[in-house]
Amino acid sequence: MDYTLNVHGLLMDLRVPQVMGILNATPDSFYAESRRQTETEIVKRCQQIVSEGGTIIDVGACSTRPGAEVASEAEEMERLRFALTVVRREQSAAVVSVDTFRPDVARMAVEEFGADIINDVSEGTPEMFRMVARLGIPYILMSVQPTMRDTLMAFAQKVQQLRDFGAKDIILDPGFGFGKTLEQNYQMMNELEQLQVMELPVLVGVSRKSMIYKKFGCTANESLNGTTSLNTIALMKGADILRVHDVREAVECVQIVNSL
């Protein structure tokens with residue numbers, strides 16, 4: 001499918017899959033190498049994402065790793081304001097996604113910093129749906145359902161809710177690592193092409209997740225090869241956006257798959 005996203009009046013063409021680089025403005029994200037809290041670290045990371053071929057910078061300020069203490073809304077906003085100020089100064093032309101499940105955080109990021117995309121790390125709520133529809137920006141809807149059948153049913157219901165509120169650009173994320181066993185994560189990948197029935201772009205985020213390192217009895221630091229393998233499979237099954245820690249390697253996956 002040929003998809004485009006309306007990013008503040010400019011069309012992002014998804015005929016060539018895009019790579020979203022992760023910038024975690026948190027002290028406790030599961031992959032320690034992704035944590036960027038100082039101004040110098042944030043500058044270096046956002047420059048790295050763009051120089052390696054990433055077209056979207058995904059900024060998060062509230063860890064969703066299992067067992068993590070959830071930051072308060074005020075703390076999430078404070079971290080985001082600091083990080084987004086630096087990102088907008090250093091990469092003013094970059095497409096910026098904000099990783100949050102809170103409607104007021106989404107509003108702040110869009111109204112104060114011109115965030116381009118909201119990446120919701122929950123299954124979405126009517127309050128968030130109303131907010132992104134009002135803000136008029138692309139929205140990433142994630143599923144925590146364990147099977148493809150349940151995921152498709154949940155997506156169908158929530159996409160209709162979003163459209164009823166007036167949201168237009170909707171991206172689907174099957175939620176690898178959320179609400180799924182190790183086996184269910186791989187079954188979801190095996191059936192990923194079934195999401196095409198929704199006729200919406202698909203984001204895949206498997207980067208260095210436990211579905212890789214638990215399978216091999218290693219750590220997130222040792223999970224790049226598994227990440228690259230799964231990213232390649234996801235692209236061959238129709239993924240339109242890869243959300244990753246390792247941008248250069250993901251961009252190479254896109255280039256190789258596009259050459260086939």
K.L.:
Taking the side chain from K168 and the backbone from G136, do they hold a donor-acceptor pair closer than 3.5 Å?
P.N.:
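Checking the backbone N and O of G136 against the side chain of K168, no donor-acceptor pair under 3.5 Å is found.
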
K.L.:
I49 and I56: which non-hydrogen atoms are nearest, and at how many Å?
P.N.:
CG2-O, 4.0 Å

K.L.:
Would you say R208's side chain and A220's backbone share a donor-acceptor pair under 3.5 angstrom?
P.N.:
yes

K.L.:
Any chance the side chains of E191 and Q187 put a donor and an acceptor closer than 3.5 Å?
P.N.:
yes

K.L.:
For the atom pair CD1 (I57) and SG (C46), what is the distance rounded to the nearest 0.5 Å?
P.N.:
5.0 Å

K.L.:
Can you establish whether the number of heavy atoms outside E199 located under 6.0 Å from its atom CD is more than 12?
P.N.:
no

K.L.:
Are the side chains of M148 and L195 in touch, meaning some heavy atoms are under 4.5 Å apart?
P.N.:
yes

K.L.:
Rounded to the nearest 0.5 Å, what's the gap from CG on N24 to CD on E41? Could you check?
P.N.:
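Atom-to-atom, N24:CG and E41:CD are 12.0 Å apart.
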
K.L.:
Taking atom CD of E78 as the centre, does the number of heavy atoms from other residues, nucleotides or ligands within less than 6.0 Å exceed 12?
P.N.:
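Not buried by this count: 12 neighbours or fewer within 6.0 Å.
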
K.L.:
Check the pair T55 / Q18 against side-chain hydrogen bond (donor to acceptor under 3.5 Å, both in side chains), numbers first and verdict last.
P.N.:
CA-CA 6 Å; T55 52; Q18 304 295 301; 2.7 Å; yes

K.L.:
Determine whether L182 and I212 fall in the same hydrophobic cluster, where Ile, Leu, Val, Met, Phe, Trp and Tyr are linked whenever their side-chain heavy atoms lie under 4.5 Å apart.
P.N.:
yes

K.L.:
Is the closest side-chain heavy-atom distance between E123 and F178 below 4.5 Å?
P.N.:
no

K.L.:
With side chains defined as the heavy atoms from C-beta onward, is the minimum distance between R130 and R134 less than 4.5 Å?
P.N.:
no

K.L.:
Okay, side chain of K180, backbone of F176: is any donor-acceptor separation there less than 3.5 Å?
P.N.:
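Side chain of K180 to backbone of F176, a donor-acceptor pair under 3.5 Å: no, none is there.
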
K.L.:
Is the side chain of D240 donor-acceptor paired with the backbone N or O of V202 at a distance under 3.5 Å, no angle test?
P.N.:
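Such a contact is found between D240 side chain and V202 backbone.
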
K.L.:
Is it true that a side-chain atom of D169 and a backbone atom of N6 form a donor plus acceptor pair closer than 3.5 Å?
P.N.:
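Checking the backbone N and O of N6 against the side chain of D169, a donor-acceptor pair under 3.5 Å is found.
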
K.L.:
Do NZ/NE/NH1/NH2 and the carboxylate oxygens of R88 and E112 come within less than 4.0 Å?
P.N.:
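Salt bridge flag = no for E112 with R88.
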
K.L.:
Looking at D99 and R243, is any side-chain nitrogen of the basic one under 4.0 Å from a carboxylate oxygen of the acidic one?
P.N.:
yes

K.L.:
Donor-acceptor pair, distance only, cut-off 3.5 Å: does the side chain of E222 make one with the backbone of T219?
P.N.:
yes

K.L.:
Counting only N and O atoms by type, is there a donor-acceptor contact under 3.5 Å from the side chain of N185 to the main-chain atoms of G177?
P.N.:
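The answer is yes, because a donor-acceptor pair under 3.5 Å joins these two groups.
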
K.L.:
Would you say the side-chain atoms of Q48 and R45 include a donor-acceptor pair closer than 3.5 Å?
P.N.:
yes

K.L.:
Indicate, with yes or no, if L10 and Y139 share a hydrophobic cluster defined by side-chain heavy-atom contacts under 4.5 Å among Ile, Leu, Val, Met, Phe, Trp and Tyr.
P.N.:
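No, because Y139 and L10 fall into different hydrophobic clusters, even though each may have its own neighbours under 4.5 Å.
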
K.L.:
Calculate, to the nearest 0.5 Å, the distance between atoms OG1 and CE belonging to T151 and M188 respectively.
P.N.:
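If I round to the nearest 0.5 Å, the distance is 3.5 Å.
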
K.L.:
Taking the side chain as every heavy atom from C-beta outward, state whether L203 and M142 have any pair of such atoms under 4.5 Å apart.
P.N.:
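They are not in contact (no side-chain heavy atoms under 4.5 Å apart), so the answer is no.
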
